[in-house]
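All residue numbers refer to positions in the sequence shown, counting from 1.
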Amino acid sequence: MTNLWIVLLCLAAAGLLIGLLYRMQRKHVPFTKRVFAALGIGVGFGALLQLIFGVDHSVVKSVNDWLSIAGTGYVKLLQMVVIPLIFVSIISAIIHVQSKTGLGKMSATIIGILVGTTAIAAVIAISVSLFFGLSSIDIQAGEQEVARGEYLDTKVEEVKDLTLPQQVLEFIPVNPFLDMTGARRTSTIAVVVFAAFIGVAALGVIRKKPEHGKMFMSIIDALHAVVMRMVTIVLRLTPYGVFALMTKVVSTTAPAEILKLGEFVVASYVALALMLLVHALMLAVSGISPIGYFKRSLSTLAFSFTSRSSAGAIPMNIETQVDRLGVPQSFANFSATFGASIGQNGCAGIYPAMLAIMIAPSAGINPLDLGFLAQLVAVVAISSFGVAGVGGGATFAALIVLSSMNLPVALAGLLISVEPLIDMGRTLVNVNGSMTAGVLSSRWLGHWDREKFNKGL
């Protein structure tokens, strides 16, 4: 039997599994259950493909290439609505906030939580790395790792020698329409800044020229309703996208590569799990049930895990916060959009700190030096501003931190073989951190709807 017929047979099997997911939808099986069913089916189908054909077989590549229409296509559809959603949602959030004082408190609290938890994530990453005794000296580089290191050496030119004021200036959108295309690594936060500027200006118009303000609010409300309807349409495809994405991850991840860097993978997930525990403790201390919170946010976390895109998860993030977690629309809009580009606990907190501890010995630095550790935590927290919420965000965060600490960035390429596996957990923690920021900020400022939270299931 030729490879073509084998590919067609595999695709037919995938079609039957997708048909099963569609049947579950027609039977009105709850959304969360369908997402987790897709996750499990994807894991099983991907493992079967790898067991039969191996990781690099042409059949596996062809099957994943066709399934990417459902997987990558779904993520692209979400990314398609991200910028319009951010733009309209931020403006809507600002013009519906009762006062500028409320706007200032809300944004400051959300940003404070995001950056503060990133500093905590750095401390956790440092502790776990030291506990496991991680060191890049013990890792052997192959051709793929060497090539990755050379690539990182070229990318560092984009971020090295940038002072903190220069990094802040990168957030200002000189051409906001260019940033709406995602042309820069700070494009997401630049769109947030532009939308916030329009929103604040609109507040002045509403106060001084009520008739114009009322018209503008009507236009924004209509645009917001249309964009949210687009989001709803795309989100219906979530189970199919999760199935395809998970199939690719499992079928193309070689167990040998995982075993080679198994200690780093285990250490990474221990650190990520501890960060989730910190989120849970913050919720519990604030009088919010962590168990109830995670039950209500499982589907969004499952998507973020498989998609590896914090920005792509923004639509689900907002919907979950508003419909299931009792967070007001304005808080949800701010926390989800800010959380995709500021203070990402996984990509900007845990990952760069672990790399720095691993690489320090090879640069002749004692990783137990308190001065080095204090500087590392500060650099991680500060550099967490403007980290891209799509693939590559963790790389840029690592480049900024490592170059700021005068550490060799090329050694980060040693982890390329397990990068997708770790990135799944990092993205989940990123998204959970932004949802936690929305829930906590609304709770602390007295806007959290406990009754709606209790009905969230």
Between [X] and [Y], what is the shortest heavy-atom contact and its length?
| X | Y | answer |
| --- | --- | --- |
| A244 | L67 | CB-O, 3.3 Å |
| G433 | N345 | CA-OD1, 4.1 Å |
| S434 | L114 | CA-CD2, 4.0 Å |

Under 4.5 Å between any side-chain heavy atoms of [X] and [Y], yes or no?
| X | Y | value |
| --- | --- | --- |
| I342 | I110 | no |
| L245 | V249 | no |
| F87 | T337 | no |
| V377 | L373 | no |
| M354 | L134 | yes |

Okay, side chain of R324, backbone of T320: is any donor-acceptor separation there less than 3.5 Å? no
Just checking, is any N or O donor in the side chain of [X] or [Y] under 3.5 Å from an acceptor N or O on the other one?
| X | Y | answer |
| --- | --- | --- |
| Y240 | Q25 | yes |
| N64 | S251 | yes |
| Q321 | S335 | yes |

What verdict does the ring-ring contact (aromatic ring centres under 6.0 Å, His included) test give for F303 and Y74, after you've listed the backbone C-alpha separation in whole Å, the side-chain angles of each residue and the deciding distance to 0.1 Å? CA-CA 11 Å; F303 167 72; Y74 171 65; 5.3 Å; yes
Parallel, tilted or perpendicular, judged at 30° and 60°: which one describes the rings of F334 and F338?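 It falls in the perpendicular class, over 60°.
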Neighbour count >12 (heavy atoms, 6.0 Å) for atom CD1, I291: no
